[in-house]
Amino acid sequence: MKSVYKITLLFGITILVSSCHNNAAPNYQYFPNMYESVGYETYAESNAFKNGKEGQLPAEGTVNRGFEPFEYENSTAGYELAKANLKSPLDSLSRNPEKGKELFEIYCISCHGASGNGKGKLVEREKFLGVPSYKDRVITEGSVFHVITYGLNSMGSHANQLSAQERWLVTDYVLKLKSEL
């Protein structure tokens, strides 16, 4: 008889404990704001900042991590200065023609062509016109680096795709192509 009471008591406690669990209403949380933060919309109005909007500009004078400033401005005068004065920081050990060729084939070959003659696939299909051949231009390593950094005419900037080191490698390869034409 005692075992029947024990089994009934155990069964009753099991039902009581299992009936208290509700998946729709989870248990209490300690500091719920840490788990469920307030989501702010980027350009929404808010009292969190002085100007009343969420999206803020970076603090004045900040520089992105990994960004290397380029002292020549994006203008014709800056181009001419870079053409006359800017020299490659690559020494003989850091020049890597294979890597330069690889980057050229990724970013440049579609317009400039494999040999730098200005007859890439996009030019042949008449998507872009007037891409110059390297042999027709007076270019220096400074002018090529400036153009890759800022772009010129129809060519856009490649500074977001290529680091400064990679742009110098492409510049080195472009000058190699010019010498072979």
Side-chain angles (χ1 to χ4, degrees), residues 1-74 88-91 93-114 120-128 131 144-152 154-174:
M1 191 70 155
K2 286 185 178 183
S3 64
V4 172
Y5 288 127
K6 288 181 183 178
I7 292 173
T8 306
L9 181 64
L10 186 63
F11 184 71
I13 291 174
T14 305
I15 290 175
L16 182 66
V17 169
S18 65
S19 67
C20 293
H21 182 70
N22 183 0
N23 289 335
N27 295 334
Y28 292 106
Q29 295 175 348
Y30 184 69
F31 286 116
N33 289 344
M34 293 178 67
Y35 299 105
E36 300 167 12
S37 63
V38 177
Y40 293 107
E41 293 294 325
T42 306
Y43 298 107
E45 293 181 13
S46 171
N47 296 333
F49 298 102
K50 288 181 185 177
N51 61 0
K53 65 179 182 177
E54 289 296 324
Q56 298 293 304
L57 294 173
E60 193 172 322
T62 58
V63 177
N64 290 342
R65 185 175 300 196
F67 177 76
E68 297 174 21
F70 187 52
E71 61 270 5
Y72 296 93
E73 63 183 24
N74 185 11
S88 174
L90 301 178
D91 59 2
L93 296 175
S94 57
R95 291 185 192 270
N96 187 348
E98 294 83 25
K99 182 69 175 174
K101 180 180 181 184
E102 178 185 331
L103 292 168
F104 182 86
E105 289 175 350
I106 293 170
Y107 296 103
C108 311
I109 199 169
S110 59
C111 294
H112 292 279
K121 289 285 184 196
L122 293 176
V123 175
E124 289 174 356
R125 294 178 184 167
E126 297 181 356
K127 302 293 182 190
F128 290 106
V131 177
V144 174
F145 186 82
H146 189 276
V147 169
I148 294 172
T149 302
Y150 289 123
L152 183 67
S154 295
M155 180 179 155
S157 169
H158 284 71
N160 286 337
Q161 292 90 358
L162 298 168
S163 67
Q165 169 77 13
E166 292 171 333
R167 282 180 271 156
W168 282 116
L169 292 173
V170 172
T171 299
D172 193 40
Y173 186 73
V174 165

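Residue indices begin at 1 and follow the sequence shown.
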Report, one line per pair, each donor and acceptor closer than 3.5 Å where one atom sits in a side chain of residues 97-107; sequence neighbours left out.
none

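- The nearest pair of heavy atoms linking E166 to L162 is OE1-CA, 3.4 Å.
- Minimum heavy-atom separation, C111 to V123: O-CG2, 3.3 Å.
- In terms of heavy-atom proximity, T8 sits nearest to V4 at OG1-O, 2.7 Å.
- Remark: S157 pairs with no residue by the side-chain hydrogen bond (donor to acceptor under 3.5 Å, both in side chains) rule, at least two apart or across chains.
- Checked against side-chain hydrogen bond (donor to acceptor under 3.5 Å, both in side chains), E73 has the following partners two or more places apart in sequence or in another chain: S75.
- Between atom CG of residue N74 and atom CG of residue L152 there is a gap of 9.0 Å, rounded to the nearest 0.5 Å.
- Contacts of Y150 classified as ring-ring contact (aromatic ring centres under 6.0 Å, His included), with partners at least two apart in sequence or in another chain: F70, H146.
- When the side chain to side chain contact (heavy atoms under 4.5 Å, CB included) test is applied to L90, the partners found at least two apart in sequence or on another chain are S88, S94, R95, Q165, W168, L169.
- Within 6.0 Å of CD on E126 lie no more than 12 heavy atoms contributed by other residues, nucleotides or ligands.
- Applying the side chain to side chain contact (heavy atoms under 4.5 Å, CB included) criterion to R125, with sequence neighbours excluded, gives K121, K127.
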Output a table of donor-acceptor pairs, distance under 3.5 Å, between side-chain atoms of residues 47-59 and any protein atom two or more places apart or on a different chain; print 'none' if there are none.
from	atom 1	to	atom 2	distance (Å)
N51	OD1	K53	N	3.4
N51	OD1	Q56	NE2	3.0
E54	OE2	S46	OG	2.6
Q56	NE2	K53	O	2.7

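- Considering all non-hydrogen atoms of both residues, H158 and M155 come closest at ND1-CE, 3.8 Å.
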